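Bear in mind the structure is a predicted one, so any value in this text is a computation, not a measurement. Chain identifiers are assigned alphabetically (A, B, ...) following the order of the sequence lines, protein sequences preceding nucleic acid strands; residue numbering begins at 1 within each chain.
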Amino acid sequence: MPLLDRNGLAEDPFTRVETTDIEGLGPVIVPWAHHEAALARRGDNQPVGVEIPNTVSVAELRPVLDRFALVAVQFPSFADGRGFSLARQIRREGFAGTLRAAGPLIADQFADALNCGFDQVEIPEDLASRQPPEHWRRALAAISSIYQRGYGEGASILDQRRAARLREASDGR
Amino acid sequence: MYRYDEFDERFVRERVAQFRDQVARRLEGALTEEEFRPLRLKNGLYLQLHAYMLRIAIPYGTLSSRQMRQLAMIADRWDRGYGHFTTRQNIQFNWPKLRDVPDILDALADVEMHCIQTSGNCIRNVTADHFAGVAADEVEDPRPTAELIRQWSSLHPEFVWLPRKFKIAVTGAAHDRAAIRVHDIGLRILRHPETREIGYEVIVGGGLGRTPMIGKVIRDFLPKEELLAYLEAIMRVYNLEGRRDNKFKARVKILVHEIGTEEFIRRVEEEYARLDGPSINADPEEVARIAAYFAPPPYETLPVRSHQLSVQRGLDPAFARWVDTNTFPHRVAGYAAVTISLKPVGRAPGDITSDQMRVVADLADRYSFGEIRATHSQNLVLAHVRQDDLHGLWQALGEADLASANVGLVTDIIACPGLDYCALATARSIPIAQAISRRFQDPARQREIGPLQIKISGCINACGHHHVGHIGILGLEKKGIENYQITLGGDATETAALGERLGPGIDADQVPDAIERIVGVYLRERTEGEEFIATVRRIGLEPFKRAFEAQGAGELADAAA
């Protein structure tokens, strides 16, 4: 299924597998239900990703998080925002791998997903054909700065104001 | 009043452009109707019974004369020459065309206004005490806190796809005029009993709707500077754990109720302990920057009591009555806060014409530093009027049919739009309000009855706050006929209580008689100076139930005869 990151359409090096016999299959994404068995059987340096329902708690993830190269958080519907909070918590745990939002998200949620810590979204084919990469690019650029501190890479409005105050203070006196 | 800086200005302009693009993508089919619906709702655009309805945010109910004139212009140019103030201190236009909405949003942005998050499953327009900065019992002005929350909650990346809508109210006073105990989050600014430091009492899980609940205190004292991080912890727990299987059980009040207050507190505190507060909270300079906009206006030094006012009161009893009901004591000597009633007898509560908007704007400029407030009781306030000017103001309001002397009285009725406009309604609200206000129109009788809040909702969603009305009226539909349930004893203040049902539902035409009987019991039973709600609390529901049932029996007898 089509994968988008902040640069547009992206190649997906990972393959979803249902089996736990993953050795030699290259980078794979396994379902949360099989993650323990899959981790036990992984090959040396084989990147393993896990796909989790948005009802898995960060406490359950915590013990195994650093063993995954990718975590894909399922979005059962675009209106179900649990994945945004889960992404924040996963990043707070120090997870440095790829964080993927998987499900029927819409272009207008792209910026929110990235700001909450996702790197990429994986959307169904039919949705991608209705909402081409150009729409996602445009939606991403729609709001240049947000108020909330600590979300995303750009400086928040509060931090920009603070920087301006500091500049004024050093210029003025 | 808060004024936009370059960042706020750009943010709102970009939001308008974003919505324009969303509309275009809907029209070309890139967005399905199901996908577009929450996007338009998060921009205040509803599809009602007859047309679209646009709900414009009036953050914490404060607007300038310039903004009011722009609302009048919008009403004339794109609507039908009037607007409707709501119970969330917002204004709604009932007849805009979808294609005009982006232009209306541009016109709003021209005066630093928007429709962001006035609907949808997100943090809604934050409300506050309409006597902020005026009331003598205030610890701190709640408006800077409300403005900080407005900014923090606007297009929040994490919290715009919540299980359900989320409403926050703030008060800075001991007496609660913001109904903080019936909000998803209620904040009360207070001083720490020992350190005297300013902070918040945090209340979560209040709400009306089909499962009304009084909120629970989850923090007795939150230091002021920790606000945003603590709100983030609450919102994250709710976003992750609030129910999504049933929209009627999706509000935070249900989560608090189902897991218990203690467990809810434990989860919030656990999340809060893991947050890096200083990286989330606004720095003190930012808080001070916002607070500076709410500095007191340049008051004159005046005597405590205006000689002119006492003379005019003596000469004109109608004026004296209006002063008694429609003014509120101001903390500054020689001033008064004036409530402009939008409840003239026989009209839709909260409705205002474009001409009246312009009159209010002009009077605000002339008498009240150009500032206007909208109240959750669907009235307007001019917060800083010199007592010497009250007579002139009253006369000018009278010429515009805006001088009804009924604030807080039986005809100052809160009502949702009901079945006359709303797609969710099961019964009409406005005609019920009109019938009651006609029945009780005699000013002398209204004053004799004294303070009495009637609140009417046209469906179980309770936009008219009927649960917390001294008398609540809930319109339902029973076998194709409108049917009204009457509740008694509700209270939205610091002594918050939910009303209890008096008996079986009644027909629309029986409602005024039912109110009459309830009032009759009160007048018979009250002690010297005792207000309606106090009598209800003292004598309980039984005497009222008996009178209510007697009405039903009497009408059956009439029908049989």
Side-chain angles (χ1 to χ4, degrees), chain A residues 54-59 75-89 92-93 104-109 111-118 126-127 129-132 134-135 138-139 141-152 156-162 164-166 169, chain B residues 5-8 10-11 14-15 17-19 21-22 25 28-32 34-39 42 120-122 148 150-163 228-229 232 235-242 244 270-271 274-276 278-283 285-286 289:
Chain A
N54 64 7
T55 49
V56 171
S57 74
V58 73
F75 279 72
S77 133
F78 75 100
D80 183 340
R82 279 177 278 200
F84 296 114
S85 285
L86 200 48
R88 285 284 288 176
Q89 290 182 319
R92 192 172 67 205
E93 292 298 321
L105 283 89
I106 57 177
D108 301 88
Q109 295 175 305
D112 294 339
L114 299 183
N115 284 334
C116 285
F118 287 110
D126 63 324
L127 198 148
S129 61
R130 269 192 293 116
Q131 301 181 15
E134 162 59 16
H135 288 196
R138 225 159 65 202
I143 306 291
S144 50
S145 299
I146 57 174
Y147 288 101
Q148 302 77 21
R149 301 180 64 208
Y151 288 81
S156 70
I157 290 175
L158 266 59
D159 288 318
Q160 291 178 60
R161 283 180 182 145
R162 185 184 171 83
R165 270 195 296 273
L166 292 173
Chain B
D5 67 0
E6 59 190 298
F7 299 106
D8 300 309
R10 190 177 64 195
F11 182 85
E14 286 177 344
R15 180 69 186 101
Q18 183 185 44
F19 187 69
D21 187 50
Q22 287 167 345
R25 281 183 285 130
E28 73 192 34
L31 286 165
T32 64
E34 190 201 351
E35 290 163 346
F36 178 63
R37 187 172 170 275
L39 300 180
K42 285 178 215 296
N121 294 336
C122 49
L148 183 64
R150 180 192 75 82
Q151 297 187 20
W152 164 82
S153 62
S154 292
L155 306 191
H156 197 296
E158 188 178 342
F159 305 130
V160 278
W161 302 91
L162 298 172
L228 296 186
E232 185 174 311
M235 296 312 300
R236 185 164 298 134
V237 169
Y238 171 58
N239 192 36
L240 285 167
E241 304 188 37
R244 291 177 189 260
E270 184 184 11
E271 175 61 29
R274 289 181 181 274
L275 290 181
D276 177 28
S279 73
I280 297 163
N281 290 313
D283 58 276
E285 291 80 16
E286 173 65 10
R289 183 190 74 86

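- The aromatic rings of Trp152(B) and His156(B) lie perpendicular to each other, with more than 60° between the two planes, well past the 30° mark.
- Considering only heavy atoms from C-beta on, Leu240(B) stays 4.5 Å or farther from Glu271(B) through its side chain.
- For Glu34(B), the CD atom sits in a loose shell: 12 or fewer heavy atoms of surrounding residues, nucleotides or ligands are nearer than 6.0 Å.
- If you measure heavy-atom distances from Tyr151(A) to chain B, the contacts under 4.5 Å come from the side chain alone.
- Neither the backbone nor the side chain of Glu6(B) comes within less than 4.5 Å of any heavy atom of chain A.
- Taking the ring axis of Tyr147(A) as reference, the NZ or CZ atom of Arg161(A) does not stay both within 45° of it and closer than 6.0 Å to the ring centre.
- With rounding to the nearest 0.5 angstrom, the CG atom of Asn54(A) is 4.5 Å from the CG atom of Asp80(A).
- You'll find the side chain of Gln148(A) stays beyond 4.5 Å of the side chain of Glu158(B), heavy atoms only.
- The distance from the CZ atom of Phe75(A) to the CD atom of Gln109(A) is 7.0 Å, given to the nearest 0.5 Å.
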Audit row: Arg162(A), Arg289(B), side chain to side chain contact (heavy atoms under 4.5 Å, CB included) steps and yes/no:
CA-CA 10 Å; Arg162(A) 185 184 171 83; Arg289(B) 183 190 74 86; over 6 Å; no
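- For Ile106(A), the part lying near chain B is the side chain, with the backbone staying farther off; criterion is any non-hydrogen pair under 4.5 Å.
- Of the atoms belonging to Asn281(B), it is backbone heavy atoms, and not side-chain ones, that fall under 4.5 Å from chain A.
- Chain B forms more heavy-atom pairs under 4.5 Å with one residue of Ala139(A), Ser85(A), Ala142(A) than with any other, namely Ser85(A).
- Interface remark: Ser154(B) contributes backbone and side-chain atoms alike to the contact with chain A (heavy atom separation under 4.5 Å).
- For Arg236(B), the parts lying near chain A are the backbone and the side chain together; criterion is any non-hydrogen pair under 4.5 Å.
- The most heavy-atom pairs under 4.5 Å with chain B, out of Ile157(A), Leu114(A), Val58(A), Asp108(A), come from Asp108(A).
- Heavy atoms of Leu31(B) lying under 4.5 Å from chain A belong to its backbone as well as its side chain.
- Proximity to chain A is limited to the side chain of Arg10(B), based on heavy atoms less than 4.5 angstrom apart.
- Contact of Glu241(B) with chain A is not made at all, since no heavy-atom distance falls under 4.5 Å.
- Contacts with chain B were tallied for Leu86(A), Ile143(A), Ile146(A); Ile143(A) has the most, counting heavy-atom pairs under 4.5 Å.
- Taking Ser144(A), Gly150(A), Cys116(A), Ser145(A) one by one and counting their heavy-atom pairs under 4.5 Å with chain B, the maximum is reached by Ser144(A).
- For Ala17(B), no part lies near chain A; criterion is any non-hydrogen pair under 4.5 Å.
- Ranked by heavy-atom pairs under 4.5 Å with chain B, the first of His135(A), Arg92(A), Gln131(A) is Arg92(A).
- Counting only heavy atoms from C-beta outward, the side chains of Asp21(B) and Gln18(B) never approach each other to under 4.5 Å.
- For Arg150(B), the part lying under 4.5 angstrom from a heavy atom of chain A is the side chain only.
- There is a side-chain donor-acceptor pair under 3.5 Å between Arg244(B) and Asn239(B).
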